[in-house]
Number of protein chains: 2
Amino acid sequence: MGSICLPLALESHDITQLDEIVQRGRPLQKGEYLYRKGEKFESIWAVRSGLVKAIRVTSDGLEQVTGFYFPGEIVGMDGIGSEKYAASVVALETSAVCEIPFHRLEELSQRVPSMQRHFFKLMSQEINSDQQLITLLSKNTAEEKIASLLLSISARNTRRNLSAVNVRLQMSRTDISNFLGLTLETVSRIFSRFNKQGLIAVDGKNVDLIDLENLRAVAKF
Amino acid sequence: MGSICLPLALESHDITQLDEIVQRGRPLQKGEYLYRKGEKFESIWAVRSGLVKAIRVTSDGLEQVTGFYFPGEIVGMDGIGSEKYAASVVALETSAVCEIPFHRLEELSQRVPSMQRHFFKLMSQEINSDQQLITLLSKNTAEEKIASLLLSISARNTRRNLSAVNVRLQMSRTDISNFLGLTLETVSRIFSRFNKQGLIAVDGKNVDLIDLENLRAVAKF
DNA sequence: CGAGTAATTGAGAAAATTCAAAGATGGTGG
DNA sequence: CCACCATCTTTGAATTTTCTCAATTACTCG
């Protein structure tokens, strides 16, 4: 199985089509865990279809969403350092993932320099997206956070040859609030405000980005 | 030079003594940049003595401190993904660093499996500390953030065989505020409050952790 | 020693949260 | 197929935390 999935880790382009044809790896139902914090780390995982979130639970039981992972993106690299997963990953809709056994990845990286380099890059990208989130959480207002999230999903849609001006928010408002360090009420209020201002058209989980230019201005980007 | 510094990347224990005896690599004065965002990525760096911060500048010119790096810790892994550094690193006091040319690290990792594995682990640890910061920024109050930072520095002191109950905050209050997503006034107020409450004894940059137990309670840890 | 920078403290303002209630949505079984 | 229940979302009002602006005090280093 790993061999089918390895290209996902290797190739960052043109993954989407492949995803839509081949549906291998473990299928996950909405709400199902791919892995839980503390479980022995054996594999990293490529999301092939659907949507998953990575979460950490604070000492007082609150959930922090550290990332949403779309098709073509990789989860599980948090586990390499300590042989145990440091976060948990849950499907937000029916999703398919590819398992990439880490020991095989290590072997392959040992033999194939380009593979090693590529995996170093993947980890570096995770570091960068985490640090971008750190900056977002620390420096931006609620409006800026929401606008940034919408634009980030739009950009990822583009990479997957999907619409840049329409996003389906399969995650709940609570998940969004937990990702952006807000309350769900604030998230809801700001969607309403953006809607009223004509920046977006909200219809439940479906959001059209009407005024991309001003949305970018709000996101300060 | 790299060969002297590589053990730093390999060994995470007992680095301090080595640091205090051998002072190799590029010396940095306070305020001096180790590298800047956008520069070509060539090397990762091990901090051998002193203290550095990694920063990102937002589109509107604000500085986000994404990490403080103490002796024995590694910076620069943000650059691997795009061949350019994504952040800048500045010395907060006179510091010495070791340069580890990345191409040599790659070669070595190719030959020595344990080296490859160790470097994967180092990157995973960076991911984990970033995600811990994400959670701190998102879920914790100003008091909890400050208490957590003090305890984090204390824990790193312990690893370096320094005092667990005394920390020297070589970074400015502004740096602390930029790291924790607060204003410097709030940081200052909370130091004063903790001081008044007998949790710590603040004397400028010198802080004694008087009541570790209650400090841990405040940090919710 | 003094000028410039860094830190503290106070008071008022703003952003987001909390608490509360109503409204919408979606999945399930009759 | 539709009604119902549980869950999710929206909206409002009051509160709280942190920020902003402002002034004072303490350091630091030429």
Side-chain angles (χ1 to χ4, degrees), chain A residues 29-32 53 58 60 62-65 90-94 136-149 168-197 200-207 218 220, chain B residues 29-31 53 58 60 62-65 90 92-94 136-150 167-197 200-207 218 220:
Chain A
Q29 295 306 308
K30 181 175 174 177
E32 204 177 325
K53 64 174 173 181
T58 64
D60 45 336
L62 299 173
E63 179 175 312
Q64 174 65 39
V65 175
V90 192
L92 293 171
E93 59 176 314
T94 305
L136 187 70
L137 288 171
S138 177
K139 288 284 184 298
N140 292 88
T141 63
E143 291 200 349
E144 291 158 4
K145 288 175 180 177
I146 303 262
S148 296
L149 176 62
R168 280 233 117 228
L169 302 173
Q170 294 297 9
M171 64 293 272
S172 69
R173 300 290 192 264
T174 301
D175 284 330
I176 294 174
S177 71
N178 275 336
F179 178 65
L180 295 176
L182 301 168
T183 58
L184 83 161
E185 292 96 328
T186 299
V187 170
S188 179
R189 272 183 250 275
I190 286 165
F191 275 121
S192 299
R193 199 180 303 163
F194 282 0
N195 190 62
K196 198 172 288 174
Q197 293 170 342
I200 61 179
V202 185
D203 177 20
K205 295 191 172 305
N206 192 71
V207 178
V218 171
K220 293 212 216 138
Chain B
Q29 295 305 307
K30 181 175 173 176
K53 65 174 173 182
T58 64
D60 46 336
L62 299 173
E63 179 175 312
Q64 174 65 40
V65 176
V90 193
L92 294 172
E93 59 176 316
T94 306
L136 187 70
L137 289 170
S138 177
K139 287 285 184 296
N140 292 89
T141 64
E143 289 200 349
E144 291 159 3
K145 289 175 179 178
I146 303 263
S148 295
L149 176 63
L150 291 172
V167 302
R168 282 232 117 227
L169 302 173
Q170 294 297 8
M171 65 293 270
S172 69
R173 299 290 193 264
T174 300
D175 284 330
I176 294 174
S177 72
N178 274 337
F179 179 64
L180 295 177
L182 301 168
T183 58
L184 84 161
E185 293 96 326
T186 299
V187 170
S188 180
R189 271 184 252 277
I190 286 167
F191 275 121
S192 300
R193 199 180 302 163
F194 283 180
N195 190 61
K196 198 171 289 175
Q197 292 170 342
I200 62 179
V202 185
D203 178 20
K205 294 192 172 307
N206 192 71
V207 178
V218 171
K220 293 214 217 139

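Atom set for the values below is all heavy atoms of this structure, side chains included, hydrogens, waters and symmetry mates excluded. Below, chain A is the first sequence line, B the second, and so on; all start at residue 1. Everything numeric here is computed off the predicted structure, so don't read it as measured data.
We find that CZ of A:Phe191 is positioned 11 Å from C1' of D:dT9, with the value rounded to whole Å. Whole-Å rounding puts the A:Asn140 CG to C:dA15 P distance at 14 Å. The distance between atom CD of A:Gln170 and atom P of C:dG26, rounded to the nearest whole Å, is 11 Å. Rounded to whole Å, the distance from CG on B:Leu184 to C1' on C:dT5 is 12 Å. In this entry the distance linking NZ of B:Lys30 with P of D:dC29 reads 6 Å, nearest Å. B:Ile190 places its CD1 atom 15 Å from the P atom of C:dG10, with the value rounded to the nearest Å. As rounded to whole Å, 16 Å separates atom P of C:dA16 from atom CD1 of A:Ile176. Rounded to an integer number of Å, the gap from A:Lys139 NZ to D:dC19 P is 10 Å.
Side-chain N/O atoms of B:Arg193 and base N/O atoms of D:dT17 include no donor-acceptor pair closer than 3.5 Å.
Counting only heavy atoms from C-beta on, A:Thr141 has its side chain closest to C:dA16 among D:dA13, D:dT20, C:dA16. With C:dA16, C:dT9, C:dT18 as the candidates, the nucleotide lying closest to the side chain of B:Glu185 is C:dT9. Here the nucleotide nearest the side chain of B:Val202, chosen from C:dT8, C:dA20, C:dT17, is C:dT8.
Within 4.0 Å of A:Thr186, counting heavy atoms only, lies at least one base atom of the nucleic acid.
Nearer the 5' end of DNA chain D, as judged by each residue's closest nucleotide, is the contact made by A:Arg189, out of B:Gly181 and A:Arg189. When each of A:Val187 and A:Asp203 is assigned the nucleotide of DNA chain C with its nearest heavy atom, A:Val187 is the one assigned upstream, toward the 5' end.
In terms of phosphate contacts, B:Ser188 brings no side-chain nitrogen or oxygen within less than 4.0 Å of OP1 or OP2 of C:dA7. In this structure, A:Lys205 reaches the D:dT9 phosphate: one of its side-chain N or O atoms is under 4.0 Å from OP1 or OP2. Note on B:Ser192: a side-chain N or O is less than 4.0 Å away from OP1 or OP2 of C:dT9. Phosphate proximity of C:dT8 to B:Arg173: present, with a side-chain N or O under 4.0 Å from OP1 or OP2.
For the pair B:Ser188 (side chain) and B:Leu184 (backbone), a donor-acceptor distance under 3.5 Å is absent. Of the possible polar contacts, one joining the A:Asn195 side chain to the A:Val202 backbone as a donor-acceptor pair under 3.5 Å is found. At least one donor-acceptor pair closer than 3.5 Å links the side chain of A:Lys145 to the backbone N or O of A:Leu180. Of the possible donor and acceptor atoms, one in the side chain of B:Gln64 sits under 3.5 Å from a partner among the backbone N and O of B:Asn178.
Here the CD1 atom belonging to B:Ile190 is positioned 11.5 Å from the CD1 atom belonging to B:Ile176, to the nearest 0.5 angstrom.
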